[in-house]
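What follows is a single structure, written as structure tokens, with notes after it.
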Amino acid sequence: MPPFATAAAVDSHAHVFRQGLALANSRRHTPDYDATLDDYLALLDTHGLSHGVLVQPSFLGTDNSHMLSALRAAPHRLRGVAVVAPGIRNADLQTLADAGVVGIRLNLIGLPVPDLDTPDWQRLLARVNALGWHVEVHLQAARLPEILPALATAGCRVVVDHFGRPDPALGIADPGFQYLLRQAASGHVWVKLSAPYRNWQPADCAPSGRLATQQLLAAFTAERLMWGSDWPHTEHRHLASYPAATQWLDAWIDDPTQRHAVLADTPLQLFQFQGDNP
């Protein structure tokens, strides 16, 4: 039986792309392989996952067209998180929503935090809220205080990527990770249990990820945590695989009720899958 063979289970973080797409000038990574929709859907099937969330990769910038094509090809099975410019038109946001986008991503690794008080950003965040979307944040834990208060003031629901990206040398002792734990009290922050290899050495992904998961469960409860494969693991392909990603979750959470919430209840609601059957 596939490891996630339940009535519904969601992979909350994956990417699709192919070689030859226009790449962002500011990219940190240039893939030399394809990550196709067919390959991804086959992985979901193999591992008993009913739904997936496609996240716009940073190297494609704000051109979400390839991701939108994938969403339109499997509308009942997939949702998307887009990267947009702050001055994007409302009509273009609606086009994203109609294709299955349910959030925007701020991938700020190596970048300054934008001034969210500017008129363009305020308009965008208000529209995000009106659409029922969330703002996904990818940033080192030490820098989370630079962005989370402004998003809270704007009334946004926030999803924090990859355990909050604690410093590998500090792990759960990272003050930024401890700051993230304190944000649970707001009720408006969710965290993805994903890509442990971005935080720890391969041998530490299971034990260190488990320690972090237990603290996150204690602070946020399973109702605001989700699991993601981070497929195809981009520049970390040599450190990870889809089977490994599922096995790490096995190592992080023992309780079946908590696992069900992380895999199904929480992401099905947050990513607006209600009523969709693949």
Side-chain angles (χ1 to χ4, degrees), residues 11-37 39-40 52-71 78-88 92-93 96 99-116 120-121 124-125 128 133-144 146-148 151 156 158-166 168 176 190-199 226 228-240 245 271:
D11 175 359
S12 73
H13 197 105
H15 313 283
V16 294
F17 50 84
R18 58 174 172 78
Q19 297 179 80
L21 295 173
L23 301 177
N25 292 331
S26 60
R27 64 188 181 275
R28 304 187 312 276
H29 174 65
T30 301
D32 58 358
Y33 59 94
D34 297 336
T36 70
L37 175 62
D39 287 342
Y40 179 59
V53 179
L54 300 180
V55 177
Q56 172 77 345
S58 60
F59 50 79
L60 294 182
T62 59
D63 182 357
N64 298 282
S65 57
H66 188 73
M67 181 184 71
L68 294 187
S69 294
L71 297 178
L78 300 176
R79 292 292 183 269
V81 178
V83 174
V84 303
I88 186 173
D92 293 329
L93 285 173
L96 296 177
V101 168
V102 293
I104 64 169
R105 191 187 199 202
L106 299 181
N107 189 337
L108 301 174
I109 299 293
L111 297 174
V113 169
D115 182 359
L116 301 185
D120 276 351
W121 274 109
L124 173 58
L125 295 179
V128 164
W133 290 5
H134 65 274
V135 178
E136 182 175 311
V137 174
H138 185 203
L139 190 62
Q140 294 94 337
R143 298 182 59 202
L144 289 175
E146 299 176 26
I147 189 75
L148 294 190
L151 291 173
C156 297
V158 179
V159 174
V160 176
D161 273 347
H162 307 330
F163 289 90
R165 295 297 305 269
W190 287 254
V191 181
K192 288 185 180 180
L193 309 177
S194 56
Y197 40 81
R198 298 180 186 272
N199 305 318
M226 297 162 291
S229 68
D230 196 35
W231 185 84
H233 322 294
T234 55
E235 66 267 38
H236 302 280
R237 293 174 78 205
H238 61 296
L239 301 176
F271 297 114

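Considering every non-hydrogen atom in both Leu54 and Ala70, the closest pair reads CD1-CB, 3.7 Å.
By the ring pair (Phe, Tyr, Trp, His ring centres under 6.0 Å) test, His13 is found to be paired with His15, His162, residues two or more places apart in sequence or in another chain being considered. Every residue meeting the ring pair (Phe, Tyr, Trp, His ring centres under 6.0 Å) condition with Tyr40, not counting sequence neighbours, appears here in chain and number order: Trp231.
Between the side chains of Asp11 and Ser229, at least one donor N or O sits under 3.5 Å from an acceptor N or O. Side-chain atoms of Thr36 and Asp34 include no donor-acceptor pair closer than 3.5 Å.
Going from atom OG1 of Thr62 over to atom CG of Asp92 covers 10.5 Å, rounded to the nearest 0.5 Å. Note that CZ of Arg143 and CG of Leu111 are 7.5 Å apart. Values are rounded to the nearest 0.5 Å. The structure places CG of Leu78 at 12.0 Å from CG of Leu68, a figure rounded to the nearest 0.5 Å. Taking CG of Asp230 as the start and OG of Ser12 as the end, the distance is 9.5 Å to the nearest 0.5 Å. The structure places CZ of Arg105 at 7.0 Å from OG of Ser58, a figure rounded to the nearest 0.5 Å. Here the CG atom belonging to Leu139 is positioned 5.5 Å from the CG atom belonging to Leu108, to the nearest 0.5 angstrom.
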Please test Leu124 against Ile104 for side chain to side chain contact (heavy atoms under 4.5 Å, CB included), starting from the C-alpha separation and ending with a verdict. CA-CA 10 Å; Leu124 173 58; Ile104 64 169; 4.1 Å; yes

Would you check, one step at a time, whether the test side chain to side chain contact (heavy atoms under 4.5 Å, CB included) holds for Arg165 with Ile109? CA-CA 10 Å; Arg165 295 297 305 269; Ile109 299 293; 3.9 Å; yes

May I have the step-by-step check of side chain to side chain contact (heavy atoms under 4.5 Å, CB included) for Phe163 and Leu193, ending in yes or no? CA-CA 5 Å; Phe163 289 90; Leu193 309 177; 3.7 Å; yes

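Side-chain contact between Val128 and Val135 is present, with at least one heavy-atom pair separated by less than 4.5 Å. Met67 is not listed as a side-chain neighbour of Val81, based on a closest heavy-atom distance of 4.5 Å or more.
Ion pair Arg198/Asp161 not flagged as a salt bridge, since none of the NZ, NE, NH1 or NH2 atoms sits closer than 4.0 Å to an Asp/Glu carboxylate oxygen.
With hydrogens and angles ignored, the 3.5 Å screen pairs no side-chain donor or acceptor of Asn199 with any backbone N or O of Tyr197. Remark: the backbone N or O of Pro86 is not paired with any side-chain donor or acceptor of Asp120 at under 3.5 angstrom. Between the Gln56 side chain and the Gly61 main chain, a donor and an acceptor come within less than 3.5 Å of each other.
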